[in-house]
Amino acid sequence: MFSDVLLTVDFDRTLTGPDGKIPQRNLDAVAFFMENGGTFTINTGRSASSFKKHLGKVPVNAPILMYNGSARWEDGKLAHMKLLDMDLWETMEILQKEFPHMNLEIQGVQTHYLIQPEPAYIAFYNALKWGYQVVEPGEDLGPFMKFALAGSPGKKSMATLFEANAAEDAVFDAAEARILELWGDKVEIYRSAPRIIDVHAKGVSKIAAARQLQKELGKKILVCAGDAENDISMLEGADFAFCPADAVVAHRFQTVCNCADGAIADIIYKKIPEILGLTLDIRA
């Protein structure tokens with residue numbers, strides 16, 4: 001029924017609700033989709049470390065696309081890594097001087113490496129149970145694939161990354177512009193949330209990763225779903241794109257229900273059948 005379709009979806013506030021939990025309606029729909037020939041995977045800005053606790057719990061039948069397209073998780077390890085063409089510690093030194101009041105992290109293969117983090121940021125990581133290691137300049141951190149700048153956490157939950165006021169927005173916009181001024185020929189910047197700046201190698205994107213996977217799998221139709229600014233390229237480049245009604249970028253794309261109500265289920269039960277010209281008697 002769905003054998004021609006590759007469905008890749010963002011994780012936070014797309015597959016999950018705002019509380020970080022996956023609605024059962026989504027889990028049931030994904031199982032139905034895969035049982036009927038569909039290919040499903042996650043396309044997230046998260047690292048392997050921050051997504052680790054979800055591995056094996058989120059149903060997929062294709063490699064998971066991570067780091068905003070900088071790598072994929074398959075056969076129990078990271079593959080297809082796209083590395084930054086920059087000296088790691090020279091870059092960190094410049095960033096510390098330019099943005100002394102932001103939390104600086106390198107999202108590595110094994111864990112997140114934090115450089116002079118404030119205590120509140122450590123507490124934030126501990127609350128989320130994300131792996132991290134505080135490091136000193138010069139340490140070997142492995143492949144240099146992604147770094148991020150984050151604001152001081154207002155509370156110990158993912159929601160703090162999404163809660164920026166106008167003054168903070170201006171600070172992050174200025175920081176983004178400065179990074180592009182320094183390294184615009186070498187990097188891509190994505191804002192997975194208002195209070196975090198993700199920096200990747202030039203050419204990296206969620207849509208490039210999704211299209212490459214589609215080509216390898218031989219699927220005719222790419223359907224994507226996302227909610228935030230870092231999903232825009234994926235949504236614009238997909239054959240068919242959808243957002244939860246409460247998404248940050250919902251005004252730009254076709255919407256389904258709110259993420260907490262099972263947005264991915266709406267796509268699977270209603271939108272993909274419409275795309276394929278199918279009539280399904282599903283009321284879930």
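Closest approach of Gly226 to Asp10, counting heavy atoms only: CA-CB, 3.9 Å. When all heavy atoms of Gly45 and Gln107 are compared, the pair lying nearest together is O-OE1, 4.3 Å. When all heavy atoms of Pro63 and Glu74 are compared, the pair lying nearest together is CG-OE1, 3.6 Å. Across every non-hydrogen atom of Cys259 and Pro18, the tightest pair is SG-CD, 3.4 Å. Across Ala62 and Leu217, no two heavy atoms sit closer than the pair CB-CD1, 4.2 Å. Looking at every heavy atom in both residues, Asp169 comes nearest to Pro194 through OD1-CB, 4.2 Å.
Glu105 and Tyr132 form no side-chain donor-acceptor contact under 3.5 Å, judged by distance and modelled atom types alone.
Looking at heavy atoms from C-beta onward, Met102 lies in side-chain contact with Phe172 at the 4.5 angstrom threshold. Side chains of Asn230 and Arg191 form no contact here, defined as non-hydrogen atoms less than 4.5 Å apart. Contact annotation: the side chain of Leu55 approaches that of Ile64 to within less than 4.5 Å [non-hydrogen atoms, C-beta and beyond]. With contacts defined as side-chain heavy-atom distances shorter than 4.5 Å, the pair Leu104/Leu149 qualifies. Contact annotation: the side chain of Met81 approaches that of Val109 to within less than 4.5 Å [non-hydrogen atoms, C-beta and beyond]. Between Met92 and Leu95 there is a side-chain heavy-atom pair separated by less than 4.5 Å. Side chains of Asp198 and Lys146 form a contact here, defined as non-hydrogen atoms less than 4.5 Å apart. With a 4.5 Å cut-off on side-chain heavy atoms, Asn103 and Leu114 do not count as touching.
More than 12 heavy atoms of other residues, nucleotides or ligands lie within 6.0 Å of NE2 in His251, so this atom counts as buried by the packing criterion. Crowding of Lys215 atom NZ: a count of heavy atoms from other residues, nucleotides or ligands under 6.0 Å not exceeding 12. Heavy-atom neighbours of Gln116 CD from other residues, nucleotides or ligands within 6.0 Å: at or below the threshold of 12. The 12-atom threshold is not exceeded at CD of Gln110, counting heavy atoms of other residues, nucleotides or ligands nearer than 6.0 Å.
Under the 4.0 Å criterion applied to side-chain N and carboxylate O atoms, Asp266 and Lys271 are not assigned as salt-bridge partners. Ion pairing of Arg72 with Glu216 is present here, as a side-chain N (NZ or NE/NH1/NH2) and a carboxylate O approach within less than 4.0 Å. Under 4.0 Å is where a charged nitrogen must lie from a carboxylate oxygen, and between Lys97 and Glu93 at least one such pair does.
Put simply, the side chain of Arg195 gets close to the backbone of Ser152: a donor and an acceptor are under 3.5 Å apart. One N or O on the side chain of Thr16 and one on the backbone of Arg13 form a donor-acceptor pair closer than 3.5 Å. Side chain of Tyr121 to backbone of Gly151: no donor-acceptor contact under 3.5 angstrom is found. Counting only distance, with no hydrogens or angles, the side chain of Lys82 and the backbone of Met145 share no donor-acceptor pair below 3.5 Å. No side-chain donor-acceptor contact under 3.5 Å links Asn258 to the backbone of Ala260.
One finds the CH2 atom of Trp89 at 9.5 Å from the CZ atom of Phe144 (value rounded to the nearest 0.5 Å). How far CG of Leu78 is from CE of Met66: 6.5 Å, rounded to the nearest 0.5 Å. Expressed to the nearest 0.5 Å, how far CZ of Phe51 lies from NE2 of His54 amounts to 6.0 Å.
Every residue two or more places apart in sequence or in another chain that forms a salt bridge (charged side-chain N to carboxylate O under 4.0 Å, His left out) with Asp12 is listed here: Arg46.
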Side chain to side chain contact (heavy atoms under 4.5 Å, CB included), that's the test. Do Ile221 and Leu276 meet it? Break it down for me. CA-CA 10 Å; Ile221 301 170; Leu276 299 176; 3.7 Å; yes

Stepwise side chain to side chain contact (heavy atoms under 4.5 Å, CB included) test for Phe242 and Thr255: CA-CA 5 Å; Phe242 304 95; Thr255 60; over 6 Å; no

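With Lys206 as the partner, the side-chain hydrogen bond (donor to acceptor under 3.5 Å, both in side chains) test is satisfied by one option alone out of Thr44, Asp231, Asn43, Thr8: Asp231.
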